[in-house]
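Heads up: the structure comes next, in structure tokens.
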Amino acid sequence: ISNFSMFLFDDVHFQFGGSSSFYGTDAMGGSILLNNKPEWNKGLSFQAQQDMGSFGHYFSGLKLGFSKKKIDYKIKIYRLKKENNFPFINLSVKDFETNSFVRDTTRDARVFNYGFLQEINYQITSKLYAHTNFWYENNFHQIQSNMSANYYNSSFDEILDKHIRSNTGLRYYKNNHKLNGGFSYIRNYQLYNKNTEETIATNSFILNGEYNHSRLWNGDFQLGFSTQYIQPEVYAYDKNLKEYRTDIFSSYKKSLSKHLDLSINLREALVSNYKSQFCPSIGFLGKLINKENKELSFK
């Protein structure tokens with residue numbers, strides 16, 4: 001998770017527990033949602049950031065934005081480099097002359113990441129908005145060896161990941177109703193130890209839609225679907241291998257009283273050549289104490 005640069009995002013939201021099933025049948029433990037919010041009529045904006053730290057840590061970031069009444073454009077670029085050459089007491093190697101463990105320096109634990117995120121939001125009418133995003137990541141890191149291999153300078157492993165994530169869609173708002181729809185393309189590529197004959201990559205094409213009613217029976221109701229076509233490029237897989245997947249999901253959240261909230265989540269996944277399990281969840285949040293400086297709740 002450290003490969004994600006928070007420099008690219010305005011907001012991070014954690015959805016933990018069974019309620020995260022709303023975001024995928026694979027997310028029963030929790031989900032991390034990374035968000036950016038459009039800004040209108042802000043004109044030209046510019047931000048630069050430069051960090052320098054111990055053990056070869058350098059981070060450079062640049063944000064450029066322009067917005068008017070109907071359009072919001074942003075581009076964010078960053079570069080991160082870490083040598084990770086920190087000193088430590090190597091507990092696997094002992095100097096018997098002094099009867100103490102040797103002082104060592106970490107080697108082969110370098111990190112080098114860079115990427116950019118481009119976003120365009122356009123207001124078609126007062127209730128209809130269009131957006132398109134393009135996110136590219138190039139992440140390289142050496143796999144830190146154990147203490148013995150570090151001291152004797154044994155061989156190390158390295159991983160290079162390249163990711164492309166693009167999305168185009170529409171949002172419609174009217175009173176308590178909200179409609180979202182879009183198309184996404186995601187490509188993940190991994191190269192291990194520079195062995196180009198054993199690459200691992202996937203191409204995913206996703207069509208999704210979602211409806212939200214914020215005041216249905218005095219609660220928040222959501223209903224949506226996601227259809228995905230996955231084409232792998234894995235050296236050990238058959239070249240014609242592919243997967244189709246459709247997820248249908250719904251959720252309802254309501255305050256039963258001042259101190260008790262209810263949440264219900266339902267999700268069904270239809271996967272080619274695989275029988276998936278229906279994923280329902282129900283949860284309660286009780287607030288026993290909810291004061292300015294004290295809070296006690298149960299889930």
Side-chain angles (χ1 to χ4, degrees), residues 1-2 4 6 8-40 72 119 121 123 126-129 131 133 135 165 167 169-182 184 186 206-228 245-271 276-299:
I1 196 171
S2 61
F4 289 99
M6 292 299 99
L8 300 179
F9 302 98
D10 300 329
D11 180 56
V12 182
H13 177 67
F14 294 89
Q15 186 76 28
F16 56 90
S19 60
S20 60
S21 63
F22 181 78
Y23 301 100
T25 51
D26 304 326
M28 293 300 292
S31 299
I32 300 175
L33 310 179
L34 308 173
N35 300 316
N36 281 321
K37 301 177 181 178
E39 297 179 309
W40 311 101
D72 173 51
E119 299 179 301
N121 293 278
Q123 183 178 343
S126 60
K127 298 180 176 63
L128 183 63
Y129 299 82
H131 67 273
N133 309 316
W135 178 16
R165 302 175 179 93
N167 172 261
L170 294 170
R171 298 188 183 99
Y172 177 76
Y173 304 89
K174 185 176 181 180
N175 299 329
N176 297 322
H177 304 275
K178 181 169 68 174
L179 278 169
N180 291 331
S184 303
I186 300 174
I206 306 169
L207 180 67
N208 66 281
E210 183 180 320
Y211 167 74
N212 174 264
H213 192 306
S214 60
R215 296 295 298 170
L216 184 65
W217 303 314
N218 294 321
D220 188 0
F221 172 76
Q222 287 180 288
L223 177 67
F225 78 94
S226 175
T227 298
Q228 186 173 8
R245 177 174 187 151
T246 297
D247 291 280
I248 304 170
F249 47 88
S250 178
S251 76
Y252 181 71
K253 300 177 183 178
K254 179 182 175 64
S255 293
L256 301 178
S257 70
K258 183 179 179 181
H259 301 285
L260 187 63
D261 296 337
L262 165 71
S263 65
I264 300 173
N265 296 275
L266 307 174
R267 191 177 190 96
E268 178 69 54
L270 306 174
V271 186
S276 179
Q277 296 296 318
F278 176 58
C279 290
S281 69
I282 183 170
F284 293 92
L285 172 61
K287 303 172 184 177
L288 302 178
I289 301 176
N290 189 16
K291 297 183 179 181
E292 183 178 350
N293 58 350
K294 294 181 181 179
E295 182 177 318
L296 179 61
S297 61
F298 68 90
K299 287 180 178 289

(message) Salt bridge or not between Asp247 and Arg267? Use side-chain N to carboxylate O under 4.0 Å.
(response)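 A salt bridge is present here (some side-chain N lies under 4.0 Å from a carboxylate O).
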(message) Whether Arg215 and Asp220 form a salt bridge (side-chain N of Lys/Arg under 4.0 Å from carboxylate O of Asp/Glu) is what I want to check.
(response) no
(request) Sort out for me which residue in Lys287, Lys254, Lys253 forms a salt bridge (charged side-chain N to carboxylate O under 4.0 Å, His left out) with Asp261. (result)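 By the salt bridge (charged side-chain N to carboxylate O under 4.0 Å, His left out) criterion, Asp261 pairs with just one of Lys287, Lys254, Lys253: Lys287.
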(message) If only side-chain N and O atoms count, and only distance matters, is there a donor-acceptor pair under 3.5 Å linking His131 with Asp72?
(response) no
(request) State, without any angle test, whether Ser226 and Asn208 hold a side-chain donor-acceptor pair at a distance under 3.5 Å. (result)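 No donor-acceptor contact under 3.5 Å links the two side chains.
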Compare all side-chain heavy atoms of [X] with those of [Y] and state whether any distance is below 4.5 angstrom.
X	Y	answer
Tyr129	Tyr172	no
Asn265	Pro280	no
Phe284	Leu260	yes
Phe14	Leu33	no
Ile206	Ile186	yes
Leu34	Asp11	no

(message) Going by the rule ring pair (Phe, Tyr, Trp, His ring centres under 6.0 Å), which residues pair with His213 if we only count those two or more places apart in sequence or in a different chain?
(response)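 Applying ring pair (Phe, Tyr, Trp, His ring centres under 6.0 Å) to His213 gives His177.
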(request) Taking ring pair (Phe, Tyr, Trp, His ring centres under 6.0 Å) as the test, write out the residues that go with Phe9, two or more places apart. (result) Trp135
(message) Could you measure the distance from the CD1 atom of Ile248 to the CD atom of Glu268? Nearest 0.5 Å is fine.
(response)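 It comes to 7.0 Å.
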